[in-house]
Amino acid sequence: MKTTHIYIILILTVLLSFLPNSNQMNAQTRKVMNRPYIDQRQFHYGFLAGVHLQDIELQQNGFADAAGNQWFAEAPNYEPGFSVGILGEFYINKYLAFRAIPTMHFGTKNMVFRNNLNMERQYQSIKSTYFSVPLDVKFAAERFNNYRPYVVAGINPMLDLTVKKQKQYLLTNTDCYLELGFGCDFYLPFFKFIPEVKFMYGLTNVIDKKRTDITDESQLIFTQSVDRAKSKMIVFTFYFE
């Protein structure tokens with residue numbers, strides 16, 4: 001287990017503590033609702049800021065060159081980054097809404113390469129600036145007083161604006177993620193505050209196998225040693241509407 005998993009569990013525990021349970025809801029009395037009609041608007045919008053963790057899942061094939069060099073790679077940790085964007089939400093009915101969320105993600109993936117022949121190690125830092133437009137469906141529970149938990153699911157096409165060449169791995173600049181998350185709307189007197197956790201899993205192979213950019217053919221072994229690579233992200237977002 002990656003050490004970052006511990007921090008993820010701790011963060012999820014803290015966020016879940018904000019959500020009311022059924023006993024609390026039964027025990028609470030009704031209060032004056034802040035911004036009671038905001039969710040019934042046909043369209044409402046806001047902005048977001050948050051942090052995320054990036055990872056990459058590799059399917060390696062054990063390729064070895066004529067000299068017996070055999071490289072294996074891994075991303076040993078989830079790497080942190082930050083995210084900013086805007087939110088547009090379209091009202092469907094009392095419980096459903098459609099969301100479009102143009103977002104920029106700034107982050108890094110750190111790769112470690114190990115040669116099984118001589119235990120040599122190499123490293124690569126893959127910086128990324130992603131522009132994405134998640135398209136999500138939000139299913140919300142009944143509002144109680146000034147909070148309302150929800151779940152969200154959708155797809156997220158993504159474009160990397162900072163792909164660099166002449167590296168062990170070259171990643172493609174496009175991907176599409178399947179995403180699933182949960183959060184809670186908190187209705188404050190002047191705005192709505194929404195913490196959310198979303199899990200994203202890439203659907204496409206992001207390893208570029210056509211390395212026409214490489215001038216040193218010995219560097220091809222890194223690309224030849226992996227069949228597929230899938231990106232993953234965990235995003236912790238705070239929306240303000």
Side-chain angles (χ1 to χ4, degrees), residues 1-9 11 51-83 103-134 155-180 198-236:
M1 177 182 289
K2 298 182 179 181
T3 57
T4 315
H5 287 167
I6 299 173
Y7 299 104
I8 295 171
I9 293 170
I11 292 171
V51 296
H52 68 263
L53 300 170
Q54 291 192 25
D55 191 23
I56 189 167
E57 183 179 294
L58 302 169
Q59 180 182 328
Q60 300 175 91
N61 55 32
F63 175 84
D65 65 12
N69 292 295
Q70 190 177 40
W71 289 91
F72 290 89
E74 64 174 345
N77 296 299
Y78 286 92
E79 299 296 337
F82 67 96
S83 308
T103 306
M104 298 288 292
H105 301 283
F106 304 89
T108 304
K109 299 179 183 72
N110 289 319
M111 308 296 300
V112 179
F113 302 87
R114 185 183 72 254
N115 189 335
N116 277 7
L117 180 66
N118 54 22
M119 294 299 121
E120 177 188 355
R121 289 179 177 245
Q122 293 191 27
Y123 303 89
Q124 180 182 355
S125 180
I126 305 175
K127 297 185 181 298
S128 56
T129 301
Y130 291 118
F131 174 70
S132 68
V133 185
I155 59 170
N156 186 351
M158 194 172 291
L159 175 67
D160 190 351
L161 304 177
T162 58
V163 172
K164 294 184 179 180
K165 299 186 177 182
Q166 295 292 350
K167 299 288 185 180
Q168 292 97 329
Y169 282 169
L170 176 64
L171 303 185
T172 61
N173 64 350
T174 58
D175 200 357
C176 186
Y177 289 77
L178 179 68
E179 52 186 31
L180 179 67
K198 196 182 308 187
F199 301 90
M200 300 166 50
Y201 188 78
L203 301 176
T204 65
N205 181 14
V206 294
I207 288 289
D208 190 341
K209 304 288 284 187
K210 299 178 181 180
R211 298 302 305 275
T212 57
D213 57 295
I214 288 182
T215 55
D216 181 2
E217 291 190 0
S218 65
Q219 293 295 303
L220 279 173
I221 189 172
F222 298 101
T223 301
Q224 293 168 324
S225 296
V226 64
D227 287 333
R228 299 181 64 82
K230 298 288 187 69
S231 294
K232 297 187 290 185
M233 292 178 68
I234 302 172
V235 185
F236 307 92

- Query: What's the shortest heavy-atom distance between Asn205 and Ala229, and which atoms?
  - Reply: OD1-N, 2.9 Å
- May I ask you to check whether Ser125 and Asn110 show a side-chain donor-acceptor distance below 3.5 Å? yes
- Message: For Gly62 versus Phe72, what's the shortest heavy-atom pair and its separation?
- Response: CA-CZ, 4.0 Å
- Find out whether Glu57 and Tyr201 are in side-chain contact, i.e. whether some heavy atom of one side chain is under 4.5 Å from a heavy atom of the other. yes
- Message: Would the distance check show the side chain of Thr129 and the main-chain N or O of Thr162 forming a donor-acceptor pair, the cut-off being under 3.5 Å?
- Response: no
- Just wondering, more than 12 heavy atoms not from Lys230 lying within 6.0 Å of its NZ? yes
- Query: Does any non-hydrogen side-chain atom of Lys167 lie less than 4.5 Å from one of Ile126?
  - Reply: no
- What pair of heavy atoms forms the shortest contact from Gln70 to Phe63, and how long is it? CG-O, 3.5 Å
- Minimum heavy-atom separation for Tyr169 to Thr223, with atom names? CE2-N, 4.3 Å
- Query: Which atoms form the tightest heavy-atom contact between Thr204 and Cys176, and what is the distance?
  - Reply: OG1-N, 4.2 Å
- Query: Asn77 side chain to Glu79 main-chain N or O, any donor-acceptor pair under 3.5 Å?
  - Reply: no
- Message: Is it the case that the side chain of Asn61 and the backbone of Gln224 share a donor-acceptor pair, with hydrogens and angles ignored and the cut-off at 3.5 Å?
- Response: yes
- Item | Leu171 vs Ile56 side-chain heavy atoms within contact, under 4.5 Å | yes
- So, does Asp227 use its side chain to make a donor-acceptor pair with the main chain of Gln60 at under 3.5 Å? no
- May I ask you to test the Lys109-Ser231 pair for a side-chain heavy-atom distance under 4.5 Å? yes
- Should Met233 and Asn156 count as side-chain neighbours, where that means a heavy-atom distance under 4.5 Å? no
- Message: Is it the case that the side chain of Asp208 and the backbone of Asn173 share a donor-acceptor pair, with hydrogens and angles ignored and the cut-off at 3.5 Å?
- Response: no
- Side chains of Arg211 and Gln219: does their closest heavy-atom pair fall under 4.5 Å? no
